[in-house]
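Reading through the structure tokens given below for one structure.
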Amino acid sequence: MNFVETSLDQRPELLCVEAALVARFLRNENLPTQLLGWLHHPGRIAPPPDDLVDGKLPELMLEVLTPLTQDAEAWEKSELRHADQWYAIALHWLADSFRKAELSCGIRLLSSSLLPLYRGLATRRIADSFEQSRFHLSEVILLVAMINEMGDDLRTIVEQSLPWKVAPSEILRNELKVDMSFLASLARQWHANGKTAQQDFLDALSLADPVDAAALTPEWADRGLLWRLAGELISPKTNIVMPRSWVEPSLPWSNVCKHWSKLEFILSQLSSSQEQQASQDSLANNSRDGDSASESPSTAHRRSHTALPVESRQTLTQASTAKSVIDSLEAEITSSNPAYSAVLEARAMSIRPNPTQSTKTKILVAEVKSTNDPVFVDSVKRSLVNSRSEEQPLALALVVVHPENQNDYSAICQPNSDGLASWQNDLVHWLLHHPEVIDPRAFITADEEFALVLVGLERNEVTALLRQGLVEVLSGQSVDAATPSLLAKTHLPARFHVGIAATGASGVAIAPEQLIEPAKRCLSAASGLGSASIKSIEVY
């Protein structure tokens, strides 16, 4: 690229804030150069010595990467070479950075970065999965660089992202008009091209106009969607609410949960040991430095972490908020700088690594448009094929609940942050812990119908099971399924109707429509009956 000499009175007419930010990061050496270079062009850069990271991290990453490599093309295998070590370096660097910045949502950011790799295990679309994972890691690294530059104010803004469906990239786009995808793209390109922090600043500003990276991102890799799904993965809940674009891959979520739990545990151990070492170092420094003797270890640690070059420290002294730092770029860019909204009064609850988090299999609750949705039909088809090969009975149940009044509706049917009503969450939890239920599948439609696919149970067993479960979930009381009179006498704050279509263990091939349509007819018939009605049919 050739650069034309530019005088002060010949500055470009339009310069983007992302280019100025990355140039500042380069100048202040806030970015891991080799790591970003590998993220842009994997396979071309050899990793540093193995002793830079905990040996357990590469081993754990190999559990995911080895199956991908076995099915890869030659050029994909070349890109995946050393990926276990580079991922370990990235996770180690980010975990340490999150600890230093005291960023509560860091572990969730790491989880969202690995989700594309997990998806690749099911889809075998290795190149797409690998690229989306690396690009998301790049965005997280750039987010850390921004927090290093802007300090606590930006961290507070980012932690508005802790609610389930709001990703940090959305917060930054809305509040500061910063496109994290474009920011990451610029940083990766510069490092891949050998750019350095000493390069003339005008070189950085002569790049092309921003490209809408979101337009090039597949639906399943949307940043907000990955953020939401990562929250589902790391939560202690007994279910994962699956977006529609993640339903089709037959992803082994039980294995994913176990792998992430082990990875989270190792990262938490690293953070603990690093924090202890930092505290010891701070105490040692305080004992040697009389001027800092009154400073607490945590304050000294924060001060050592946020130490920047003289020019940057002067800038942060003059600009104490994230908006001020952005505004200070006016000397470097000609476009106007947006303001951001008021800082939150209190930081959100932390989501930190939990070594004791359960790895019990979670029920997958998939979002579909309706029971005619091709995604739903295909999923039922796969379940039928599996049950036939194993000679197991299978049942499809469609469930609806109608509260008697508005107060009951708010308590029972009001959607939670994950999109499930309280009764749906409770029924999923109840089914997961029932000894007769094995690997259930659940679906929620746009019409608030709740569909359940249950394997290994006959029609009458499913009928009794769901009647007991719904009564207990809606009443909050434990009842004995063996005593029908108790079920009938229990007061319920809502009406429920269930339609069930079931197949036996005969091994006869049945199309998914042969199960779905009868279940719908049974639900329609049950809806015209009493307040707690179930209709079922055997399909041959």
### Message
If I compare all heavy atoms of Trp75 with all of Ala127, which pair ends up nearest, and what's the gap?
### Response
CH2-CB, 3.5 Å
### Task
Evaluate the side-chain proximity of Leu427 to Leu452: yes if any heavy-atom separation is below 4.5 Å, no if none is.
yes
### Task
Look at the side chain of Asp447 and the backbone N and O of Glu449, then say whether any donor-acceptor pair between them is shorter than 3.5 Å.
no
### Query
CG of Leu117 to CD1 of Ile126: how many Å apart, nearest 0.5 Å?
10.5 Å
### Task
Using atom types as modelled and distance alone, determine if a side-chain donor or acceptor of Glu436 lies under 3.5 Å from a backbone N or O of Leu457.
no
### Query
Quick one: are Trp260 and Ile234 in side-chain contact, heavy atoms under 4.5 Å?
yes
### Query
Are the side chain of Glu461 and the backbone of Glu458 linked by a donor-acceptor contact shorter than 3.5 Å?
yes
### Query
Do the rings of Trp38 and Trp86 sit parallel, tilted or perpendicular, given the 30° and 60° boundaries?
parallel
## Note on the structure
Rounded to the nearest 0.5 Å, the CD1 atom of Ile444 sits from the CZ atom of Phe376 at a distance of 12.5 Å
#### Entry: Presence of salt bridge, Glu170 and Arg223, under 4.0 angstrom
no
### Query
Taking C-beta and beyond as the side chain, do Ile240 and Leu229 meet within less than 4.5 Å on heavy atoms?
yes
### Task
Run the numbers on Ser169 and Glu139 for side-chain hydrogen bond (donor to acceptor under 3.5 Å, both in side chains), then give the verdict.
CA-CA 8 Å; Ser169 57; Glu139 291 180 332; 5.6 Å; no
### Message
Using 0.5 Å steps for rounding, measure from the CG atom of Leu398 to the CD1 atom of Ile516.
### Response
8.5 Å
### Message
Keeping Glu76 on the side-chain end and Glu73 on the backbone end, is there a donor-acceptor pair under 3.5 Å?
### Response
yes
### Query
Are side-chain heavy atoms of Leu454 and Leu394 found at a separation under 4.5 Å?
no
### Residue pair Met61 / Leu114: nearest heavy atoms and the distance that separates them
CE-CD2, 4.0 Å
#### Entry: Check: Ser129 main-chain N/O paired with Ser133 side-chain donor or acceptor under 3.5 Å
no
### Message
Give me the atom names and distance for the closest heavy-atom approach of Val144 to Trp93.
### Response
CG1-CH2, 4.0 Å
### Query
Distance only, no hydrogens: is a donor on one side chain within 3.5 Å (strictly under) of an acceptor on the other, for Ser527 and His497?
no
### Message
Main chain of Leu36, side chain of His40: is a donor-acceptor contact present, judged purely on distance under 3.5 Å?
### Response
no
### Query
So Leu110 and Phe98, side chain to side chain contact (heavy atoms under 4.5 Å, CB included) or not? Walk me through it.
CA-CA 10 Å; Leu110 290 182; Phe98 294 146; 3.7 Å; yes
### Glu448 atom CD: more than 12 heavy-atom contacts under 6.0 Å
no
### Query
Would you say the side chain of Thr66 lies within less than 4.5 Å of the side chain of Gln70, judging by non-hydrogen atoms?
yes
### Task
Starting from the C-alpha separation in whole Å, work towards a yes-or-no answer on side chain to side chain contact (heavy atoms under 4.5 Å, CB included) for Val365 and Met242.
CA-CA 6 Å; Val365 184; Met242 298 292 294; over 6 Å; no
### Task
Start with the C-alpha gap between Leu94 and Val140, add the side-chain angles, then the distance that decides, and say whether side chain to side chain contact (heavy atoms under 4.5 Å, CB included) holds.
CA-CA 8 Å; Leu94 285 170; Val140 178; 3.8 Å; yes
### Query
If you look at every heavy atom in Thr445 and Thr371, which pair is closest and at what distance?
CG2-N, 4.2 Å
### Query
Between Asp128 and Arg125, is there a salt bridge with N-O shorter than 4.0 Å?
yes
### Query
Quick one: does Gln424's side chain have a donor or acceptor within less than 3.5 Å of a partner on Ala421's backbone?
yes
### Query
Is Glu131 salt-bridged to Arg134, cutoff N-O under 4.0 Å?
yes
### CE-CG distance between Met180 and Leu172, expressed to the nearest 0.5 angstrom
6.0 Å
### Query
Can you check whether Gly43's main-chain N or O pairs, donor with acceptor, with Arg81's side chain at less than 3.5 Å?
yes
### Query
Do any pairs count as a side chain to side chain donor-acceptor pair (under 3.5 Å) and have a residue in residues 110-119, sequence neighbours left out, and if so which ones?
Ser112-His136, Tyr118-His259
### Phe450-Trp423 aromatic ring centre distance below 6.0 Å
yes
### Query
Stepwise, does the side chain to side chain contact (heavy atoms under 4.5 Å, CB included) test hold for Val166 with Arg228?
CA-CA 7 Å; Val166 184; Arg228 171 188 160 191; over 6 Å; no
### Query
Using 4.0 Å as the upper bound for N to carboxylate O, is an ion pair formed by Lys262 and Glu63?
yes
### Query
Roughly how far apart are Leu65 CG and Leu121 CG, rounded to 0.5 Å?
9.0 Å
#### Entry: Note: Lys520-Glu517 ion pair, threshold 4.0 Å (strictly below)
yes
### Query
Okay, side chain of Arg459, backbone of Thr503: is any donor-acceptor separation there less than 3.5 Å?
no
#### Entry: Derivation of the side-chain hydrogen bond (donor to acceptor under 3.5 Å, both in side chains) call for Glu159 and Ser104
CA-CA 7 Å; Glu159 289 188 338; Ser104 302; 3.0 Å; yes
### Query
Is there a donor-acceptor pair closer than 3.5 Å between any side-chain N or O of Thr217 and the backbone N or O of Ala221?
no
### Query
Can you name the nearest heavy-atom pair linking Leu115 to Leu226, along with the distance?
CD1-O, 3.6 Å
### Message
Please report the interatomic distance CD1(Ile363) to CG(Leu432), rounded to the nearest 0.5 Å.
### Response
4.5 Å
#### Entry: Minimum heavy-atom distance between Trp246 and Trp253, given as atom pair plus value
CE3-CZ2, 4.0 Å
### Message
Quick one, Lys535 and Ile500 - any side-chain contact, counting heavy atoms below 4.5 Å?
### Response
no
### Query
When you check the gap from the basic side-chain N to the acidic O, do Glu367 and Arg244 get nearer than 4.0 Å?
no
### Query
So, do Ile141 and Leu35 sit near enough that their side-chain heavy atoms are less than 4.5 Å apart?
yes
### Query
Mind checking whether Val178 and Arg173 have side chains closer than 4.5 Å, heavy atoms only?
no
